[in-house]
J.: 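Once you've had a glance at the structure underneath, I'll fire off some questions.
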Amino acid sequence: MPGIGKTSVANSICSRLHAEKILGGSFFCRRDDPNLSNPDYVLPTLTCRLAETWGPFRKVVAAELSKDPHITPKSTEGELLSKLLKSLKNQPPHPLVLVIDALDECGDDKARGSILRRIFDATSSVPWLKFLLTSRPEGDIDAFFQHPDRFGRYLLEDLSKDDKSQEDIRYFTQKRLSSIAVAKHLGKVWPQEDMVNKIVIQARGLFIFVETLWRLVKDEPEAPKYLSQILDESSGDALGDLYRLYSSILESRIPREGTEFKSTMGTILVVATYRPLCAETIAMLTGREAYVVKTWVDSMNSLLYRDERRNGGIRVRHLSIIDFLTSSNCPEEFRVDIQQAHEEVALACLDAMISSLKFNMCGLESSLLLNEEVEDMKKRVAEKISDELQYSCMHWSSHLAHCPYPAHSDIMRRLDRFFEDMGPLYWIEALSLIGEIPIGIPMLRQVVQWAKGPRIPVLEDIDDVLRFLLAFRVPITASTPHIYISGLGFTPRESVLWKKAGGGFEKMIRVEKGRMERWPARPIMWTGHTSSVCSVAYSRDGRYVASGSLDNTIRIWDTESGAPVGEPLKGHTNSVWSVAYSPDGRYVVSGSSDNTIRIWDTESGAPVGEPLKGRTNFVYSVAYSRDGRYVVSGSDDKTIRIWDTESGAPVGEPLKGHTDSVWSVAYSRDGRYVASGSLDNTIRIWDTESGAPVGEPLKGHTNSVWSVAYSPDGRYVVSGSSDNTIRIWDTESGAPVGEPLKGHTDSVWSVAYSPDGRYVASGSLDNTIRIWDTESGAPVGEPLKGHTNSVWSVAYSPDGLHVVSGSIDKSVQIWNTQILQDSYAVSLYPDDNGWVKHPNGGLLFWVPEDCCNGLTCPAVLTFPTEGLCRTVRVDLSDFSFGLSWEQIFKG
């Protein structure tokens, strides 16, 4: 129940715990605050607070930070807290308590489940640490505590059934009304007992009712009379009376023709999720006069307030107000349609960017300087880029993503107009000036994700701008002028961005030789592992690839840029043989020679819970079920096991039947069956419900079966073997389909079906990848060559356009038949970061990484230079730079 005082109780408990010196730390969640609703911040904050509270824990945290100075807020959660607690050699003289308030207002159900699991892990690590949580009884939270494994490990209190709540409400009411009596000189005769009784009855345990009532009447000239009028009616239930009170506030403060109010209030509600905005900015976004917005906020101070910690951002006093304003309980003339509010704000953001963005908006005089070297950069930004424009540049995509697709015609027209000509470059300029280039890439991806359905022409523009940001994020983050000088200068001639915007510039560097005609499809190779790559897997959306290696780590790669995402995932103590993504992309499961299976949070990089133990030997293969509820594993102990991903417990007994190591397992699409491949030369199919084998083993290979995969429709299984062949099997009959696929000259270690089932990719110890037509059994094209050692793993991208491979040569490679073979030379020498500098100091221009071969190479290469360097010649005879850099703009 909202408003029963959960947060007040948590505050009171924290005050008492602090006075008794047993408060370890606290985190108060809030749905309309982007930081306080972020689940990634909860446990790191509590870890920090606990370190501040108790010296010995502070020392182990400091020691961990000194070992790994690159720990981020995300990576400090999860298992790390339990690890630090377990490393303590002593314990405090008394228990310490960590408090989390309003957990239901933090993240989604999966994020909350992750926090709760880690809390239980932490409290299991040491006997002296306790957690106190408050929350509405949301289904996911209630289900977590109802799990049989957790019975007896917590105490549950329902505040709505607290026998003393009426006494507390009465005391709170008397205190609030007494303050009015003092301020209005009403004497001790007011409030009368019957008025207090009436308020207590109508409050029905809701402190927020009393608080709102007090704020409403405390400044009224005739407060007692006004209060009596409000209390004359009662709906008979707690929320009904609270909502009636909210309605009376609106009806007495806002004109009945509430169109302008609904628009303004809708804007206040939807922007607060990202950043609460002040009255002036709200007014600019809604087209109102600032004094009108300020007057409304002042008149509704019982419902709204200005958060001075957030630049006067307007916020609701309690989340029940949002619930009311967006529900049918709110009078129609005041009711807020959240979707419509997002549409209006998206439109306002696009309008603000179209009308206000321009070239060199902060008047930067020289292109030789880094942004951080411009002494008054913050002042320039504050003066030249309004709060409205900054918000619009950072959040237009988020509001657009809440609109239906295709959006209202006005929005689609604005979107087309924004991506015409220079608009995207000016937007990137604004992001560079305010130091927010990193958010540009996920923003554009958010728009692409939103526009699922009939493809619209503007998506081609968006994709092109995304490629531009990925290619030139280094120079445009460092120095704003180099969006145009370096980025646009090296942009491919056939790119949409160059065709639309290139004509507006002159006197730039001219790439005479080696300039790309169009964007390359993907970087071809990713390096980072220090030993053989045993397994690769695509995320379901195709944006990431996970890889497992003999270096004991898992890495996650961005498929667009080829860059590693975060730090390697560390925790296994031996080789990682297999990795697989969960269907929702939030987790990666890994199997290792340390006999364990681990599940990792892909966002934070932290392990989820404890390792799954139960294997008696190496785990060679893991796979997720389609619904993400189970993981299947194959082991050197000749068995297959199925695991519950929520509890980490094995499901049933091991599946036995193979007579040698199980090197590969795969789920059918419907989750009813598991296929397994073994060194006993056979494939087996298992019923996941009963654990029984389905039919006889599939026999035909004359040597070990290293890999199996189901076709998308579940009708076939493909297998790769040490007999150098691939076979396709009919799952219904168990018979091989056609002849073995022959072409590899050594063992086939990995096979994968394309998403449409028309092709199979195979990786072999002969260092090549092959693509096969499943209908004819014929190889498609020539073998894909590039690895310098055995290929241990292959996987198809979800769109079927790419194959990723992992090899003993320690690399991960992406294969695409459209990869460009262009390459480019520069007769100048870039530094380690790719910058060509003026002899007298300062930045001339930035050189893409694949232009640096044979020169002073960058310290870290995203892709190797062998066979992929471009020989480029640039003409600087008509190049405006430094103090004259603005001359490149023709307008």
J.: What pair of heavy atoms forms the shortest contact from Ser661 to Ser678, and how long is it?
T.: O-OG, 2.9 Å
J.: Measure the shortest side-chain to side-chain distance between Thr688 and Ile642 over non-hydrogen atoms and say whether it is less than 4.5 angstrom.
T.: yes
J.: Do Cys534 and Leu550 come close enough that some side-chain heavy atom pair is under 4.5 Å?
T.: yes
J.: Would you give the length of the straight line joining atom CG of Asn595 to atom CG of Leu612, rounded to the nearest 0.5 angstrom?
T.: 13.0 Å
J.: Check whether any side-chain heavy atom of Ser793 lies under 4.5 Å from a side-chain heavy atom of Val536, and answer yes or no.
T.: yes
J.: Can you see which heavy atom on Ala752 is nearest to which on Ala709, and at what distance?
T.: CA-CB, 4.4 Å
J.: Considering residues, nucleotides and ligands other than Glu689, do more than 12 of their heavy atoms fall under 6.0 Å from its CD?
T.: no
J.: Run the side-chain contact (heavy atoms from CB on, under 4.5 Å) test against Ser762 and tell me which residues pass, sequence neighbours left out.
T.: Ile726, His744, Val748, Val751, Arg770, Trp772
J.: When rounded to the nearest 0.5 angstrom, what distance separates CH2 in Trp792 from CG in Asn789?
T.: 9.0 Å
J.: Considering residues, nucleotides and ligands other than Glu494, do more than 12 of their heavy atoms fall under 6.0 Å from its CD?
T.: yes
J.: So does Ser704 get a backbone contact from the side chain of Ser721, meaning a donor-acceptor N/O pair under 3.5 Å?
T.: yes
J.: How far does CZ of Arg669 sit from OH of Tyr753, to the nearest 0.5 angstrom?
T.: 13.5 Å
J.: Do Asp644 and Arg629 pass the salt bridge (Lys or Arg N to Asp or Glu O under 4.0 Å) test, and can you show the C-alpha distance, the side-chain angles, and the key distance before you say yes or no?
T.: CA-CA 6 Å; Asp644 184 301; Arg629 294 177 57 194; 5.6 Å; no
J.: Would you call Asp594 and Lys613 a salt bridge, taking side-chain N to carboxylate O under 4.0 Å as the test?
T.: no
J.: Yes or no on side-chain contact (heavy atoms from CB on, under 4.5 Å) for Leu444 and Val465, after CA distance, side-chain angles and deciding distance?
T.: CA-CA 8 Å; Leu444 294 177; Val465 176; 3.7 Å; yes
J.: Indicate yes or no: at least one non-hydrogen side-chain atom of Val804 is less than 4.5 angstrom from one of Val812.
T.: yes
J.: Arg672 and Ser668: which non-hydrogen atoms are nearest, and at how many Å?
T.: N-OG, 3.4 Å
J.: What's the spacing between Asp660 CG and Asp636 CG if we round to 0.5 Å?
T.: 7.5 Å
J.: Output the distance between atom CD1 (Ile814) and atom OG (Ser797), rounded to the nearest 0.5 Å.
T.: 7.5 Å
J.: Do NZ/NE/NH1/NH2 and the carboxylate oxygens of Asp108 and Arg586 come within less than 4.0 Å?
T.: yes
J.: If you round to the nearest 0.5 Å, how far is OG of Ser114 from CZ of Phe144?
T.: 9.5 Å
J.: Heavy-atom distance under 4.5 Å between the side chains of Tyr624 and Pro583, does that happen here?
T.: yes
J.: Please examine the side chains of Phe618 and Asp637, heavy atoms only from C-beta on, and report whether any two atoms are closer than 4.5 Å.
T.: no
J.: side-chain contact (heavy atoms from CB on, under 4.5 Å) with Ser397: which residues, sequence neighbours excluded?
T.: Met443, Gln446, Val447
J.: Assign the ring pair Trp663 / Tyr620 to parallel, tilted or perpendicular, where the plane angle (0 to 90°) is split at 30° and 60°.
T.: parallel
J.: What are the two closest heavy atoms between Lys810 and Ser532, and how far apart are they?
T.: CG-N, 4.1 Å
J.: Under 3.5 Å, is there a donor-acceptor pair between the His572 and Asn552 side chains?
T.: no
J.: Could you tell me whether the side chain of Tyr716 reaches within less than 4.5 Å of the side chain of Val737, counting heavy atoms only?
T.: yes
J.: Using every non-hydrogen atom in the two residues, find where Pro492 and Ser495 come nearest and quote the distance to one decimal.
T.: O-OG, 2.8 Å
J.: Do Ile441 and Leu466 have side-chain heavy atoms sitting under 4.5 Å apart?
T.: yes
J.: How close do Val533 and Ser811 get, counting heavy atoms only, and between which atoms?
T.: CG2-O, 3.8 Å
